Amino acid sequence: MSDEAFFIDQYRIADEPYYHAAGNEIALFDAAYASRMPVMLKGPTGCGKTRFIEHMAWRLDRPLITVACHEDMTAADLAGRWLLDPEGTVWRDGPLTMAVRHGAICYLDEIVEARQDTTVVIHPLTDDRRVLPLEKLGELVRAHPDFQLVISYNPGYQSVVKDLKESTKQRFAALDFGYPDATVETEIVVREARIGEQLARLLVSIAERSRHLKGHGLDEGASTRMLINAGRLMKQGVNIEQACETTLVVPLTDDSDIRKALRDTVAASIP
Amino acid sequence: MNPDKAASAGQIDSLDEFRTRRRLADLFRGYEDLESGYRESHAVLAGRSAGSDINAWQETVLAMLEANLGSSTLRAFLAVSERWPPGRTISELVLLGHTARNIGRHAGSACARAIFANLPVSLWRLPQAADLAAVLSAIERVVEAAPESVQLVTTRLGSLLTQVDAAGFDAWVSAGLRSCGYDIQKRRAYFGLDDPLSLRLLNPGTDNFVQLERRLIVGLKALWDWQPPLRAMPALPGAPAPRRVSLAGNLLRFPGSFTGATEEAAELLYRAAAAHAGAHFRYSILRFPVGKLKALQVALVSLIEDARIEALAIREMPGLARLWLPLHAAQPFGGTAAPTLMARLARALLDPAYVDEDAWVAKGRALFALAQDCLDDPAISREIGGILGNDLGQMRVQFNARSYVVEPAYRDDNIALWDFGDHPDILTEEIDIVVDSVRIERRDQPEGGHPENQPHSGGIGRARYIEAEGLEGIPVASYPEWDHALGLERPDWTTVLERDAPAWHEAGEAFAADRDIMRRVESMTRRVSIGRRIREKGQRDGDMLDLDACVAAAVARRSGKTPEDGVFQRVTPGSHDLDVLLLLDLSESTADLDGNGRSVLAVEREAAAILAQTMNSAHDMLAVHGFSSAGRDKVYYQRIKDFAEPFDAVTNARLAGLRSSHSTRLGAALRHACCYLASRRAFRRVLLVLTDGEPSDIDVPDPDYLREDARRAVLSARKAGIDVFAFALGDSSFRVLDRIVGERRILRVPRIETLPMRIMQLLAALKK
């Protein structure tokens with residue numbers, strides 16, 4: 001047990017993660033955590049969802065266990081599995097079970113990517129029961145009073161086959177994350193990339209134009225994170241065109257026409 | 001004498017190599033010039049590469065000798081070998097040699113020589129080894145399937161490869177073989193470049209605009225958040241080529257090409273033109289009434305307005321200056337005709353570094369500079385343009401309104417800025433343009449938009465269609481029909497006439513599915529793997545222990561052996577096998593327009609493209625067939641795409657060539673389609689019917705008869721293990737379709753936009 005307690009401590013966040021509030025999301029999350037309400041963070045990629053939950057975990061002084069969800073993930077990857085060792089079989093808790101036992105916040109990132117027969121595992125934790133049945137172990141784990149489940153969900157990548165069931169969605173309180181407005185976004189880029197305000201504002205204007213293409217050639221426009229990356233490259237002496245090429249144009253699309261159009265956009269924006 | 005003794009001195013040869021050299025020595029006996037040519041090439045190659053490559057090359061030479069292709073062919077190969085570029089590998093040379101030899105054996109040594117003559121110069125177009133292999137394999141396919149056309153291809157190889165790259169060449173060959181089938185005449189026409197489809201595939205975008213169109217569309221959306229319909233204004237024979245972009249009629253129309261511009265210059269012109277149009281969209285917020293303005297004043301007000309919007313645009317996006325400035329070529333001298341002065345003024349207003357001493361230009365500059373604080377106000381264009389126009393008039397400067405064209409070339413004709421009202425003094429030119437745009441506007445509205453609804457102006461188009469109609473098809477099968485009143489099946493009652501759907505070749509009217517929809521489909525199907533689950537045991541990783549493997553591992557460990565480490569089992573998505581046959585109703589009623597002005601046939605084409613894309617992403621097989629009927633003896637059945645065929649330009653051409661005619665004898669078509677599906681071996685076989693409603697035919701008065709027969713056909717399909725679904729287009733209740741396929745197997749599609757979602761839902765459900 002103490003091994004595991006030590007293990008959990010590794011997930012505590014020591015230094016404050018910088019987060020610039022866009023609205024009153026911090027107060028709302030505080031309120032939700034007070035009753036251990038499950039929370040869903042909705043928004044496009046690179047908008048600060050993960051940074052936000054890290055900030056809140058630090059603020060609330062809870063360990064944060066993050067699981068990146070993907071299509072091949074199974075319920076055992078979340079809950080745990082039997083392993084074979086020289087003495088015979090041994091049960092190993094999965095990250096969700098660890099969080100449930102030790103009162104951490106479990107953050108399931110991009111939960112839509114996982115299959116529905118995997119995500120159903122979380123249901124008993126999201127209602128008043130707050131239990132995690134482990135049939136293979138024959139144990140019903142009751143959640144630690146400090147445990148909370150948080151998921152992130154990108155509504156943009158919707159597909160008929162990959163979507164959260166209504167019954168799952170409705171168990172969560174949801175906070176909306178979008179691109180911050182230009183002033184806030186500029187501030188974030190200045191702070192995270194350590195570049196001057198004028199350059200940051202230029203990058204933000206380029207991102208805004210790329211976001212016009214959402215649904216018209218791109219799934220998403222440039223995210224705040226991409227701008228921060230561009231800024232960081234520029235800080236190292238890379239010129240702005242090359243920085244945008246590397247952090248925006250090339251990652252956003254493989255389509256050559258759209259890449260050219262994005263390059264035209266970058267060229268038009270810089271003095 | 002050993003030809004390559006010098007090179008391999010000190011090396012130990014394998015037995016094969018030794019034999020090869022011996023054999024070569026034997027064959028070369030008596031042909032000293034060939035032998036010396038061989039030695040020279042060998043020396044060059046040996047200097048470049050290691051032993052195994054050289055041996056392969058030697059074997060190629062040997063093979064060529066033994067194939068009896070003649071000494072000139074061998075000499076040609078040796079020459080190519082000697083001059084083989086250092087950047088290319090020897091194995092590519094070997095591949096070239098082998099392929100040429102095969103081609104020579106089947107199509108004659110002249111063809112092989114043609115390849116040696118024409119392919120090496122085009123190597124720069126084939127940067128990867130895979131490209132070279134693709135081109136060679138495409139030629140081999142021609143040798144195999146269309147031997148009479150090989151020479152047509154090999155002699156033109158050089159010029160063909162300047163027009164398309166390896167992939168384009170491959171696609172061109174494939175399309176030719178597929179669309180011409182067994183018809184030798186057609187094949188020769190196609191590969192001899194005497195066929196519109198052939199030319200179209202070789203010149204995917206001679207029109208500069210067509211190549212850039214997508215980039216421009218995306219660029220306009222990004223920079224200005226604007227999505228105007230883009231059109232190319234083609235150069236029509238007999239009429240002057242359109243020279244400037246036009247924004248009239250809420251369309252953005254580009255000249256098909258800018259005369260005299262190189263490809264690179266054209267790209268800049270189009271981009272600059274699009275950006276200029278975008279600036280108008282954002283900043284030209286009102287139209288100027290022509291009132292009593294003279295043509296010269298109109299031109300000048302337009303010029304100032306152009307300068308105004310560009311200045312505003314540059315304030316927001318400074319990079320645009322770099323796009324526009326280089327295209328201003330005016331110089332501060334050269335005559336006093338109005339167009340020259342105006343071009344100089346235009347440059348002066350944009351380029352602060354441009355020096356021009358002319359008083360009028362300087363005045364214009366000064367007035368514009370004074371207005372910098374109120375650039376947002378379009379009225380300044382009217383004011384400044386009016387003043388400057390007056391000045392020019394008083395200076396008696398020559399201005400020919402008829403021949404005036406806005407300079408520089410990237411700027412639009414500015415017609416869209418003006419409100420002509422009922423002004424009687426309108427210049428005739430401008431009237432023509434306005435009327436033209438109205439005419440074009442009407443033509444672009446949905447009713448007029450489709451080839452089947454437009455009267456064909458080209459006699460060629462009409463002739464081709466009739467020709468296709470004349471070929472009704474070959475009788476391939478007869479089927480029974482169910483008479484519900486009598487309660488019995490009449491054997492051999494209907495005859496199915498089958499043929500390949502004719503391809504529609506008219507340039508510019510090829511069918512291509514709506515891009516936005518296709519992009520949505522693509523994003524929906526990406527990364528989706530829907531299929532059966534397969535349990536894999538004995539894995540190194542998995543979510544469950546495989547007990548059998550565990551026990552075996554434990555036993556192994558206790559007996560001191562090394563246990564296998566695959567003790568897990570996992571469940572993975574299985575193979576995807578779904579065979580879908582999409583059956584399109586091609587009867588007369590599909591020409592009817594739905595609420596959005598789209599014909600049912602157009603929706604059916606779109607559905608085929610969407611289904612192909614959806615299934616393409618999910619690795620399943622799709623066939624697309626169509627049917628109509630004229631009585632029980634003539635059930636017309638057309639094959640648009642077979643299961644094994646790719647969905648490509650030829651399929652699109654066939655879809656474009658579909659026409660609505662005759663009636664709907666659904667039952668017979670269903671039975672014939674089921675024959676195709678019955679022979680397939682997939683996990684699930686699905687027949688998807690797209691029809692707009694009632695089965696009916698000219699020789700059947702009883703409305704229920706064919707309905708019941710169709711239902712019967714569906715039931716027997718089900719018994720054979722084939723699932724039948726129907727699409728219900730539009731909002732009608734479709735009780736008829738309910739009766740035929742069953743209510744739970746109807747997919748309601750109220751709007752084409754919902755079609756992708758419906759199809760995905762169906763496929764997901766089928767794969768469970």
Side-chain angles (χ1 to χ4, degrees), chain A residues 70-89 94 113 115 117-118 136 156-162 202 205-206 208-219 221-222 240-241 253 255-271, chain B residues 211-227 267 271 274-275 313-314 316-323 515-516 519-520 523-530 542-545 549-550 553-554 557 563 565 567-568 570-573 756-764 767:
Chain A
H70 57 92
E71 194 177 86
D72 288 326
M73 200 170 79
T74 63
D77 290 327
L78 285 176
R81 51 161 57 80
W82 287 102
L83 297 177
L84 198 63
D85 78 1
E87 273 75 62
T89 56
E113 294 293 323
R115 297 193 308 268
D117 60 340
T118 306
K136 296 197 188 111
Y157 295 146
Q158 242 165 21
S159 132
V160 178
V161 178
K162 276 181 193 281
L202 181 54
S205 72
I206 293 176
E208 280 175 337
R209 285 173 197 131
S210 76
R211 288 164 195 161
H212 292 154
L213 294 179
K214 180 182 165 111
H216 295 272
L218 294 179
D219 287 324
I240 183 169
E241 262 140 338
T253 176
D255 182 308
S256 70
D257 282 332
I258 299 182
R259 278 193 183 179
K260 286 179 190 161
L262 281 172
R263 280 182 204 122
D264 294 342
T265 308
V266 172
S269 307
I270 63 185
Chain B
Q211 283 171 314
L212 289 169
E213 189 179 349
R214 190 145 172 271
R215 177 179 174 181
L216 295 176
I217 291 176
V218 176
L220 283 170
K221 181 73 169 81
L223 285 182
W224 310 100
D225 201 9
W226 185 36
Q227 261 186 298
E267 184 186 300
R271 282 175 48 209
I314 288 174
E316 199 186 310
M317 291 185 262
L320 290 175
R322 284 197 302 280
L323 187 57
R515 257 191 221 119
D516 275 339
R519 218 199 18 82
R520 270 195 66 209
S523 69
M524 280 167 68
T525 55
R526 201 177 9 153
R527 297 172 293 130
V528 169
S529 61
I530 36 182
D543 47 314
M544 293 178 286
L545 288 175
C550 283
R557 193 179 274 130
D565 50 359
V567 294
F568 292 95
R570 65 172 172 219
V571 173
T572 55
M757 186 73 90
R758 285 272 168 270
I759 292 178
M760 284 293 302
Q761 285 171 337
L762 175 65
L763 289 180
K767 295 264 210 173

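Bear in mind the structure is a predicted one, so any value in this text is a computation, not a measurement. Note that these values count all heavy atoms, side chains included, but never hydrogens, waters or copies made by symmetry.
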Option in B:Asp225, B:Ile314, B:Asp565, B:Leu320 with maximal non-hydrogen atom pairs under 4.5 Å from chain A: B:Asp225
Portion of B:Leu545 that has a non-hydrogen atom of chain A nearer than 4.5 angstrom: side chain
Heavy-atom proximity to chain B below 4.5 Å, by part of A:Thr89: side chain
Residue from A:His212, A:Lys214, A:Arg209 passing side chain to side chain contact (heavy atoms under 4.5 Å, CB included) with B:Lys221: A:His212
Contact class of B:Ala222 relative to chain A, heavy atoms under 4.5 angstrom: both
Contacting moiety of B:Ala553, where chain A heavy atoms sit under 4.5 Å: side chain
Option in A:Thr74, A:Asp77, A:Asp264, A:Ile206 with maximal non-hydrogen atom pairs under 4.5 Å from chain B: A:Asp264
4.5 Å side-chain heavy-atom contact, B:Val218 and A:Asp257: no
Over all atoms of both residues, closest heavy-atom pair of A:Trp82 and B:Phe568: O-CE2, 3.6 Å
Spatial distance of atom NZ (A:Lys260) from atom CZ (B:Arg271) [nearest 0.5 Å]: 10.5 Å
Where A:Pro271 and B:Pro318 come nearest, the two heavy atoms and their spacing: CA-CB, 3.5 Å
Reported CZ-to-CG distance for the pair B:Arg215 and A:Leu262, which is rounded to 0.5 angstrom: 10.5 Å
Close side-chain approach of B:Arg214 to A:Ile258, heavy-atom, < 4.5 Å: yes
Heavy-atom pairs under 4.5 Å with chain B, option from A:Gly221, A:Ser256, A:Ala261, A:Gly88 with the top count: A:Ala261
